[in-house]
S.K.: 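Structure in C-alpha cells, see below.
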Amino acid sequence: MPELPEVETIVRGLKSELVGQRVREFVFLSPHLEKKQLPGSFQPAAYEGRKILDIWRRGKMIIIKFDGQLGLLVHLKMTGQLFLTEPEQRIDRHTHALLRFYHLKKELRFRDIRKFGFLNCLALTQIEAKVDQNLGPEPLEIDLASWKWLLKTHGQKRLKNWLLDQKIIAGIGNIYSDEMLFRARLKPFRLAGSLTDQEATRLYRAMRRVLTEAISLKGSSISDYVDASGEKGRFQERHRVYAREGQLCPRCRQEKIIRKKINGRSTFFCPSCQD
DNA sequence: AGCCCATCCTGTCCGC
DNA sequence: TGCGGACAGGATGGGC
C-alpha cells in the first residue's frame, strides 16, 4: 500500500498524538506476528509502562522509540495499516497487534490483510543497524551530485528498477516511480547510466516535485488507504499515468498510456513523450 | 550485475 | 451466481 508519502503522512499523524504517551497494554492478536519476530526480540509485555519518546520514518519503514532503548520497527508492505482508533471500534481478523495507553482515549492498531508486513520488537540499536544495512539514502535529503553518482554506479539497471531498489534510494514504490518518470519524460526501460547530465537533473527534480507534492496532499488513496487518523490522501487526483492504461496521455494527447510488466511490476508510461 | 519469476497472503474484479 | 485467473501500493531469493 504505502510508499514514502503515505508512510510520512502516517508517521506525522502518529507522532503528534503518541509522543509522551505511556504504554498500558501491548498485545499480539495473531500467531503469525510472533513467528516473524527476529532473534533477540522482546516480548510485547516488555513495553508496558514505557513511554514513547519519538516516531520517525526511514524509507518505507516506521520506527517507534520507547524509553529503555526499546523500539518497534514496522513495515506495512502492501496492505499494512497503523492507525489510532476508538477502543469501541470492532477488531476484525486482520488486526494483528494492539497498543493501549494510560492517558489516551484512542488505541494504536496494526492491521494487515495480506500479512506481508511486519512489526518487530527490537532494541533501538538493532533497528538502526537493520535500517542502515537495508536502505540507501533518503530521496528528499540526497543532493544532486550524489544522485548522479548513484545513477552511474548502478548504470546497468533500468530506471524503473533503479528507482524501486531500496538499497539505492529508500522509499520510492511502484506508483511514484512511474509518476516521476513521466514527469521527467524518461522511459522506464532506459539504463540508469545512459542518462545525459540534463536528463539526470530532470529526474532528480521530478523526484523531488512528485514526493513533496504527494506529501503535501497526504499521499495517494487508492482502494482503502487512510492515514493514522482515518483521513484519505488526495494525490491520486494528480496521477498522470499510474493505472491509466488506455487513456490519452495528458501531456501530448497523441498516444494512449500503455502498461508493461517490468520485474513483475505493472509499469505505466506514454510511448510517445517519454524518451 | 541485473533480469525474470515464484513466493509470502487475502481480497476483488472481470470474463465466461 | 459460480468459478478460475489475473492482479494489487513490497521485498527476497533462486536460477540464468
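By convention in this document, chain letters (A, B, ...) are assigned in the order of the sequence lines, proteins followed by strands, and residues within each chain are numbered from 1.
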S.K.: So how far is it from A/R209 CZ to A/R183 CZ, rounded to the nearest 0.5 Å?
M.R.: 6.5 Å
S.K.: For B/dA1, take OP1 and OP2 only and decide whether either is under 4.0 Å from a side-chain N or O of A/H154.
M.R.: no
S.K.: So if I take every side-chain heavy atom of A/F116 and compare against C/dG9, B/dC4, C/dG10, which nucleotide ends up nearest?
M.R.: C/dG10
S.K.: Could you tell me whether the phosphate oxygens of B/dG2, OP1 or OP2, come under 4.0 Å of any side-chain nitrogen or oxygen in A/N263?
M.R.: no
S.K.: For the side chain of A/N174, starting at C-beta, report the closest nucleotide among B/dC9, C/dG9, B/dC4.
M.R.: C/dG9
S.K.: May I ask you to evaluate whether A/R158 reaches the phosphate of B/dA1, defined as a side-chain N or O under 4.0 Å from OP1 or OP2?
M.R.: no
S.K.: Rounded off to whole Å, could you give me the CE-to-C1' distance for the A/M78 and C/dA6 pair?
M.R.: 13 Å
S.K.: Using the closest heavy atom to pick a nucleotide of DNA chain C for each, name whichever of A/L164 or A/R114 lands nearer the 5' end.
M.R.: A/R114
S.K.: Both distances under 3.5 Å, Watson-Crick or G-U wobble: report the partner of C/dG9, or none.
M.R.: none
S.K.: Could you walk me through whether A/Q81 and A/R111 pass the side chain to side chain donor-acceptor pair (under 3.5 Å) check?
M.R.: CA-CA 5 Å; A/Q81 298 172 309; A/R111 183 171 181 270; 2.9 Å; yes
S.K.: Describe, in one word, how the ring planes of A/F118 and A/H75 are oriented to each other, choosing from parallel (under 30°), tilted (30 to 60°) and perpendicular (over 60°).
M.R.: tilted
S.K.: Counting side-chain heavy atoms from CB outward, which of C/dA8, B/dC5, C/dG9 is closest to A/S266?
M.R.: C/dA8
S.K.: OP1 or OP2 of B/dG11 less than 4.0 angstrom from a side-chain nitrogen or oxygen of A/R93, does that happen here?
M.R.: yes
S.K.: Counting Watson-Crick and G-U wobble pairs only, both distances under 3.5 Å, name the nucleotide matched with B/dC9, or none.
M.R.: none
S.K.: Taking the nucleotide of DNA chain B with the closest heavy atom to each, which residue, A/L191 or A/K115, is nearer the 5' end?
M.R.: A/L191
